[in-house]
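What follows is a single structure, written as structure tokens, with notes after it.
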Amino acid sequence: MDNYKKNIAEEIARVLDKNKNEVEKTIEIPPSKDLGDYAFPCFHIAKELKKNPNEIARQISEKIKKPEFVRDIKVVGPYVNFFLDESEFAKAVIVRVLTEGKNYGKSKILHGKTIMVEYSAPNTNKPLHVGHLRNDSIGMAISNILCFCGAKVIKANLYSDRGAHICKSMIGYLKYGNNKTPEDENIKGDHFVGKFYVLFSKDLEQNPELEKEAIEMLKKWENKDKEVRELWEKMNSWVIKGFEETYKKFGSKFDVVFKESDFYDKAGSLIEEGLKKKIFKETDVGIVALLEQYGLPNKVLLRKDGTSIYITTDLSLTKYKFDKYKLDEAIWVVGSEQKLYFQQLFKIFELLNYEFAKKCKHLSYEMIYLPEGRLKSREGKVVDADELIESAEEKALEEIKKRYQNITKEHLERKRAIGLAAIKFFMLKVDPNKPIFFDINKAIEFEGETGPYVQYTYARAKSIIRKSGLEKELKNIFKSADFSSLDSIEEKEIISLINEFQQVVEESAKSLAPDKVCQYLLKLSEKFNKFYHSCKIIQSDKVDLEKLLLVYAVSQTIKNGLELLNIETLEEM
RNA sequence: GGGCCCAUAGCGUAGUCAGGAUAGCGCAACUGGCUUCUAACCAGUAGGUCGUGGGUUCAAAUCCCACUGGGCCCGCCA
């Protein structure tokens with residue numbers, strides 16, 4: 001897209017008799033628009049020629065032939081700054097948004113690739129908590145972003161629905177449940193089951209022997225004991241129903257849902273293969289992958305008694321994923337505390353000589369901490385997902401009530417969209433490598449660098465377009481527009497930013513970093529709001545058509561960006 | 001003992017991979033702006049040894065080394 005830069009580089013390269021690609025790499029975008037649209041720093045050349053960089057900049061500016069689209073070239077100290085012909089540039093950018101609409105910003109860098117993104121991955125013994133919301137926000141956003149870049153994305157979930165932890169909630173239920181159902185107590189199934197997990201854990205503190213009881217039950221489960229299986233089916237279905245409700249509310253979507261119970265016992269051939277190749281070894285603790293010579297700790301794959309652990313499932317499931325879906329890449333969105341685990345998993349596949357080992361990626365993100373420390377489901381020390389969503393919506397409703405007297409059905413729909421936007425944007429705007437110290441007031445803030453702020457910016461833009469009465473005629477207006485009137489610094493900056501959108505999306509896809517899209521949207525919103533205040537688009541009954549087109553381009557870009565983050569836009573707020 | 005991640009104003013955060021022009025921004029504080037296209041906004045004031053110490057460079061928040069502080073992980077939890 002950025003042909004301007006290329007052409008400028010070519011011209012500089014000609015003057016200096018240099019390689020144009022090298023020149024292109026050194027061209028920068030100045031910190032401020034009034035310095036120009038592109039800048040060529042002369043430090044490198046100065047060093048080579050052992051001359052003063054300011055002098056070189058001056059010489060370049062004298063010798064250079066001004067490309068057609070460049071309005072002006074100015075020397076500022078050691079920089080040669082280029083000013084684009086803004087009217088041509090504005091026209092090119094706006095026409096692109098106008099014709100591409102909801103596809104504006106789409107890229108083809110991942111065209112033809114099939115990528116699976118596994119995220120959320122809850123345990124079916126307790127409700128979802130705030131950590132899952134960070135996970136889901138990242139998982140959904142990165143899926144959308146990869147898809148926008150041309151990939152075929154398969155969103156996958158994995159229910160960890162068997163194992164010692166599941167048995168613990170079952171034992172808790174047997175002891176304290178009195179055969180009741182979630183309906184009896186009128187609470188969501190996941191919350192209902194979670195209570196028994198906490199009760200069991202409390203008992204466990206008093207009596208560590210209970211750990212063995214859980215393993216005993218796990219053995220029965222693996223031996224398909226009828227009673228244990230029936231209870232398990234029943235409790236799992238309660239929990240999963242609860243999950244599905246929360247996912248629906250939050251907007252987490254999955255194309256395929258895997259269950260650990262379908263895969264835990266299917267790693268047999270892989271394990272035999274490893275034993276044969278002497279990569280695995282039977283020891284007194286179970287079957288162990290020997291990884292020490294590769295700088296990783298050894299990893300137990302199967303307990304001595306033959307029962308499975310978490311990695312047993314991932315061994316068979318990963319192979320299954322690549323076989324069945326012919327993936328070009330598999331991404332796991334999982335907390336950073338499991339980094340080593342994934343290194344081990346991927347290493348095992350590499351040692352087993354599976355070509356797909358190279359195509360596995362762990363998208364790691366840091367944890368969410370409470371002021372008093374880590375989230376601990378066992379102790380009930382969590383921020384519950386449903387409760388957080390509820391609080392966010394409540395706060396949104398309060399804000400709406402401040403602005404409207406009569407609350408309509410539409411307002412109730414709006415509070416949902418605003419509340420969710422706050423949570424999702426909060427989860428996505430920071431670098432995934434940074435831990436979040438949870439403070440509910442920060443998580444559901446609507447002012448400043450927040451989701452609702454971006455939504456509000458969009459609503460403002462749409463309001464102008466609505467009131468102009470020209471929404472349907474934008475494409476005709478365009479033909480007679482004179483873009484040289486968009487000549488303020490604010491306007492030029494906005495146009496530049498809109499032009500950068502696709503590049504931001506691509507970078508975000510390449511580095512699996514949705515926070516880049518958030519930062520971009522904040523910047524665009526900030527510039528737009530400044531512009532909004534500094535000038536009027538509709539004055540009495542006269543509409544500034546060029547500005548209106550710019551407003552449209554902003555609104556469409558924000559909409560496309562928010563959609564990537566799985567955040568709804570509102571026409572009115 | 002080993003490995004990974006983080007450190008930027010009272011708090012939070014961008015910029016670090018690809019070193020350059022006054023280190024952007026938000027919250028909180030203070031001042032000002034709604035009979036106007038929506039004030040969930042905007043303008044302004046104040047607040048910074050970019051964890052510490054070295055090194056590389058014409059130039060370091062950014063690259064390299066050492067250290068300090070915090071978090072996470074290190075064979076039968078997930």
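Scope of the values below: all heavy atoms of this structure, side chains included, with no hydrogens, waters or symmetry mates. Chain naming here is simple, since letters A, B, ... match the order of the sequence lines and numbering starts at 1 in each. Bear in mind the structure is a predicted one, so any value in this text is a computation, not a measurement.
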- Query: So what does A:Q455 touch, heavy atoms closer than 4.0 Å: a base, only the sugar-phosphate, or nothing?
  - Reply: nothing

- List for me each residue that meets side chain to side chain contact (heavy atoms under 4.5 Å, CB included) alongside A:E28, sequence neighbours excluded, and say none if there are none. A:P41, A:Y79

- Message: Is the distance from the ring center of A:W221 to that of A:Y264 below 6.0 Å?
- Response: yes

- Message: Across nucleotides 33-44 of chain B, 5' to 3', mark each nucleotide with B, S or - according to how protein heavy atoms within less than 4.0 Å reach it.
- Response: B--SBBSBBSS-

- Pairs flagged by salt bridge (Lys or Arg N to Asp or Glu O under 4.0 Å) wherever residues 118-127 of chain A is involved - sequence neighbours left out: A:E118-A:K321

- Item | Contacts of type side chain to side chain contact (heavy atoms under 4.5 Å, CB included), residue A:S316, not counting sequence neighbours | A:F263, A:K266, A:A267

- Message: Within the 4.0 Å heavy-atom criterion, would you say A:A46 contacts the bases, only the backbone, or no part of the nucleic acid?
- Response: nothing

- Indicate whether OP1 or OP2 belonging to B:rC77 is found under 4.0 Å from a side-chain N or O atom of A:R162. no

- Residue list, salt bridge (charged side-chain N to carboxylate O under 4.0 Å, His left out) with A:K278, at least two apart or on another chain: none

- Residues in salt bridge (charged side-chain N to carboxylate O under 4.0 Å, His left out) with A:D431, at least two apart? none

- What does A:P41 touch in the nucleic acid at a heavy-atom separation under 4.0 angstrom: a base, only the sugar-phosphate, or nothing? nothing

- Query: Among side-chain atoms of A:S308 and A:D265, is any donor-acceptor pair under 3.5 angstrom?
  - Reply: no

- Query: Can A:F43 be called stacked on B:rA59 when the rule is centres closer than 5.5 Å and an angle between planes below 30°?
  - Reply: no

- Task: Indicate, with a heavy-atom threshold strictly under 4.0 Å, whether A:P78 touches base, sugar-phosphate, or nothing.
- Result: nothing

Under 3.5 Å, which N/O atoms of the protein pair with N/O atoms of nucleotides 11-17 of chain B?
residue: B:rG12; atom: N2; partner: A:E449; partner atom: OE1; Å: 3.4
residue: B:rA14; atom: OP1; partner: A:D431; partner atom: N; Å: 3.1
residue: B:rA14; atom: OP2; partner: A:K434; partner atom: NZ; Å: 2.8

Would you tabulate the nitrogen or oxygen pairs shorter than 3.5 Å linking the protein to nucleotides 61-64 of chain B?
none

- Note on the structure: Per atom distances to the A:I309 side chain, the nearest of B:rC73, B:rC74, B:rA78 is B:rA78

- Message: Does anything in residues 510-537 of chain A form a salt bridge (Lys or Arg N to Asp or Glu O under 4.0 Å)? List the pairs, not counting sequence neighbours.
- Response: A:E493-A:K527

- Task: Could you check whether A:H362 gets within reach of a base, just the sugar-phosphate, or nothing at all, counting any heavy atom under 4.0 Å?
- Result: nothing

- Query: For A:E213, what residues pass the side chain to side chain contact (heavy atoms under 4.5 Å, CB included) criterion, not counting sequence neighbours?
  - Reply: A:I171, A:L210

- Task: Indicate, with a heavy-atom threshold strictly under 4.0 Å, whether A:N81 touches base, sugar-phosphate, or nothing.
- Result: base

- By side chain to side chain contact (heavy atoms under 4.5 Å, CB included) - contacts of A:H533 (at least two apart): A:R460

- Can you list the residues that meet the salt bridge (charged side-chain N to carboxylate O under 4.0 Å, His left out) rule with A:E211, with sequence neighbours excluded? A:K168

